[in-house]
Amino acid sequence: MGSDVFTLVEHVGGTVDDSTHELLGKARELATATGGRSVACLLHSGARAGADGLAADVVLSVEHPALEHFLPEAYVKALAALVADHEPRVVLVANSTVGMDVAGGLSARTGNGLVAYCNAITLEGDTLVAISQVFGGKLNAEVAVEGPAICSVVSGSFAPATGGSPDIQDVTASGIDNLTTTFLARIEPEASDVDITAEDILVSVGRGIGGADNIEFAQELADALGGVVSGSRPVTDAGWLSKTRQVGKSGQKVKPKLYIACGISGAPEHLEGMSDAELIIAINSDANAPIFDVAHFGTTEDVLDVLPALTEQIEAAVA
Amino acid sequence: MQIIVPMQQTVDLVEELELNDDGTGVEREYLKFVANEWDEQALEEALLLKEAAGGSVTVVGIDETDVDGTLFSALAKGADRAVKLTGDFENGISSHQRAAILAAWLGTQEFDLVMVGVQSPEDLDGQTGVILANLLDTAHVSVAIGVEPHEGGVKVRQEFGGGTVHELALSGRAVVGVQAATAAPRYVSISRVRAAMQDSPLETLPAADVDAPTGTTVRRLYAPESSSHAEMLEGDADAVAARILEIVRERGIVKELS
Ligand SMILES: Cc1cc2nc3c(=O)[nH]c(=O)nc-3n(C[C@H](O)[C@H](O)[C@H](O)COP(=O)(O)OP(=O)(O)OC[C@H]3O[C@@H](n4cnc5c(N)ncnc54)[C@H](O)[C@@H]3O)c2cc1C
């Protein structure tokens with residue numbers, strides 16, 4: 001096992017994702033502790049410029065036509081080859097679609113220990129200690145890895161590092177000439193009927209609202225407050241609200257003045273999209289729901305009682 | 001198309017999660033277990049794919065608390081076969097172990113596609129599907145939000161942050177980690193589940209004895225110590241509403257109220 005710290009660069013055509021800069025911030029710190037180098041792995045086709053300015057000591061640039069877009073099969077094999085050759089102490093990937101599709105495969109192929117959903121990583125001598133958010137954010141696990149480690153990191157966990165002049169080294173891709181996955185198309189999300197990222201007040205509903213018919217209670221409150229209704233993923237997946245109103249990792253990141261979370265548990269993927277709201281009020285019957293850790297005010301009263309009561313009082317106050 | 005859907009039992013997150021004596025896991029004996037919600041999405045998408053392309057859906061569960069109910073419910077929804085892999089799994093199963101058990105069993109099966117939930121609330125050593133794919137040396141796609149027949153294989157819609165989607169074609173055997181089915185999982189009545197229990201027994205065989213180290217050790221589990229827990233508002237719904245109104249008014253967030 002070596003002492004380098006690897007980071008998988010997430011990018012689209014050389015435009016690097018913010019999450020990568022966060023990982024590089026942590027990688028630099030870890031590399032200082034291990035006495036190794038911070039090494040960024042850029043898998044691409046014709047996007048070597050993505051390496052410029054990364055805050056790493058070295059960028060390994062792997063160029064291959066199969067790496068033009070994110071292809072899970074190609075990424076795992078190419079990264080596993082780099083890891084086998086260089087034996088890094090740690091590999092950092094984002095807990096994104098790309099990271100989820102790579103980390104487990106890398107662990108299976110290399111035998112290196114994987115800690116998923118990390119939000120903190122430290123070194124205690126030779127032992128890597130990571131905190132993993134499990135059980136929908138209700139519990140943290142403190143996990144120790146003695147050998148080479150892979151960590152998939154929740155967005156927003158580390159301060160970003162930018163600005164560097166890394167030594168860019170070209171590496172030949174191996175093992176990705178015959179793939180059974182083909183890229184067909186990239187589809188950008190549809191334009192939205194409402195831009196929830198531009199709203200000051202969001203009344204946001206989760207599965208705890210109980211059904212499509214109950215959305216109207218949230219709508220009435222939003223109308224009284226002059227805001228709009230947004231929701232968690234299960235609510236948009238179920239078709240109770242349009243997809244454009246989804247808050248979170250795979251939806252929109254919002255920062256309203258007021259966010260009222262109604263029957264939302266506060267899973268890490270949801271918090272990613274709203275924890276920066278200025279004022280968060282959570283209504284959730286489970287006193288242990290993680291949403292209360294980011295909310296400023298909370299209540300465990302039934303959401304179907306609080307919503308109409310609040311609407312009524314606000315309407316009365318405005319009238 | 002022969003589709004396999006592994007189904008995992010996971011603790012019901014609505015419950016209060018008690019820790020075991022040494023604090024390294026949850027106390028499984030007293031907790032309520034439910035089917036992993038993402039596996040339910042995978043099952044739905046598999047049934048839709050079977051309806052579109054023909055073939056069969058086999059669900060496979062490892063012997064975890066109340067897995068029988070989950071498997072019978074899958075049969076009632078339209079799965080053709082249900083297999084239970086038995087063994088002693090009272091202390092929980094890591095994703096690496098789960099993937100290795102499934103890989104060993106799949107080695108004895110004919111199949112084209114494995115569809116599994118993209119994650120589970122307990123997979124701290126990574127997601128089962130991706131590990132499984134790499135043990136089988138097949139292609140995989142995680143965070144799938146739609147799978148349809150395409151030129152003898154399948155076309156998968158893979159979702160990225162912010163809602164961007166890639167369409168990928170898979171031409172050989174593959175594992176797909178499903179985030180959300182194209183339609184909400186179908187409902188099945190208790191009476192149909194009961195009928196399934198009578199009509200179609202579970203195929204039961206021992207899980208393979210696998211050696212699948214995770215390379216990691218859980219030192220402890222703990223509730224996140226938040227530096228800023230919400231201030232809880234006391235009283236009934238009306239009292240709570242009155243306090244919220246006050247807070248919103250104080251902050252001048254709604255002009256008409258200030
Ligand atoms: C790759 C990936 C991306 C994801 N992206 C997103 C995303 O963008 N956005 C997102 O939200 N999720 C996302 N998720 C899903 C996320 O993991 C959670 O499953 C989801 O956020 C849970 O939604 P919820 O809080 O509405 O439902 P639940 O977790 O089921 O919570 C419902 C809550 O309602 C409470 N409740 C029930 N009844 C009442 C009542 N009568 N009164 C008051 N409270 C009540 C319960 O106590 C519970 O806490 C993603 C998952 C994955 C794997």
Side-chain angles (χ1 to χ4, degrees), chain A residues 69 72-73 96-97 100-101 103-105 107-109 112-116 132 134-136 138-145 147 180-189 225-226 237-238 249-250 257-258 279 281-282 286 288 292-293 295-299 301 305-306 309-310 313-314 317-318, chain B residues 13-14 16-17 121-127 130-131 133-135 139-143 155 158-172 180 184 214-224 226 229-233 237-238 240-242 244-245 247-248 251 253-254 256-257:
Chain A
H69 302 280
E73 199 186 355
S96 57
T97 296
M100 287 175 86
D101 223 345
S107 176
R109 284 179 183 272
N112 295 359
L114 163 61
V115 188
S132 163
V134 274
F135 296 102
K138 278 193 141 185
L139 292 175
N140 280 349
E142 182 182 317
V143 183
V145 192
T180 57
T181 318
T182 323
F183 179 85
L184 298 174
R186 178 179 172 88
I187 303 162
E188 300 294 344
L225 288 167
D237 277 348
K249 175 180 173 137
S250 49
K257 293 200 169 94
L258 173 62
L279 176 64
I281 300 177
D286 175 5
N288 295 317
F292 292 126
D293 293 332
H296 303 94
F297 296 95
T299 171
E301 288 296 301
D305 295 332
V306 178
L310 185 55
Q313 295 197 26
I314 287 176
V318 171
Chain B
L13 292 180
V14 174
E16 178 139 4
L17 303 179
E122 300 190 47
D123 48 12
L124 76 94
D125 62 321
Q127 296 81 25
V130 190
I131 301 172
N134 283 274
L135 294 177
H140 55 94
V141 180
S142 295
V143 199
K155 179 161 92 180
Q158 180 175 43
E159 190 185 64
F160 292 81
T164 301
V165 170
H166 283 184
E167 285 185 347
L168 303 174
L170 299 175
S171 59
T214 62
T216 60
T217 313
V218 177
R219 286 182 173 174
R220 63 178 183 126
L221 287 183
Y222 60 95
S226 160
H229 191 274
E231 177 185 331
M232 299 307 279
L233 307 174
D238 287 318
V240 164
I244 297 177
L245 172 59
I247 294 161
V248 172
R251 310 230 170 174
I253 293 169
V254 180
E256 294 76 3
L257 288 176

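Below, chains carry the letters A, B, ... as their sequence lines are ordered, and counting in each starts from 1.
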**Asked** Judged by modelled atom types alone, do A/D101 and B/Q158 share a side-chain donor-acceptor pair under 3.5 Å?
**Response** yes
**Request:** Pick out which of B/L170, B/V130, B/V143, B/L168 makes a side-chain contact (heavy atoms from CB on, under 4.5 Å) with A/P72.
**Result:** B/L168
**Asked** Do the ring planes of A/F183 and B/H166 sit parallel (below 30°), tilted (30 to 60°) or perpendicular (above 60°)?
**Response** perpendicular
**Prompt:** Out of curiosity, A/T299 OG1 to B/E231 CD, how far, rounded to the nearest 0.5 Å?
**Reply:** 12.0 Å
**Asked** What distance separates B/E256 CD from A/I314 CD1, expressed to the nearest 0.5 Å?
**Response** 11.0 Å
Among [options], which has the most heavy-atom pairs under 4.5 Å with chain B?
options	result
A/I187, A/T97, A/N140, A/L310	A/N140
A/V115, A/I281, A/L279, A/V318	A/L279
A/K257, A/K249, A/H69, A/E301	A/E301

Heavy-atom distance under 4.5 Å to chain B: side chain of [X], backbone, both or neither?
X	result
A/A103	neither
A/S132	side chain
A/N288	side chain

**Message:** So for B/T214, is it side chain, backbone, both, or neither that comes closer than 4.5 Å to the heavy atoms of chain A?
**Reply:** backbone
**Prompt:** Checking B/A133 against chain A: side chain, backbone, both or neither under 4.5 Å from a heavy atom?
**Reply:** neither
**Heavy-atom pair of closest approach, residues A/V145 and B/G215** = CG1-O, 3.3 Å
**Donor-acceptor contact below 3.5 Å, side chain A/K138 vs main chain B/L13** = yes
**Message:** Measuring only between side-chain heavy atoms, which start at C-beta, is A/L114 closer than 4.5 Å to B/L124?
**Reply:** no
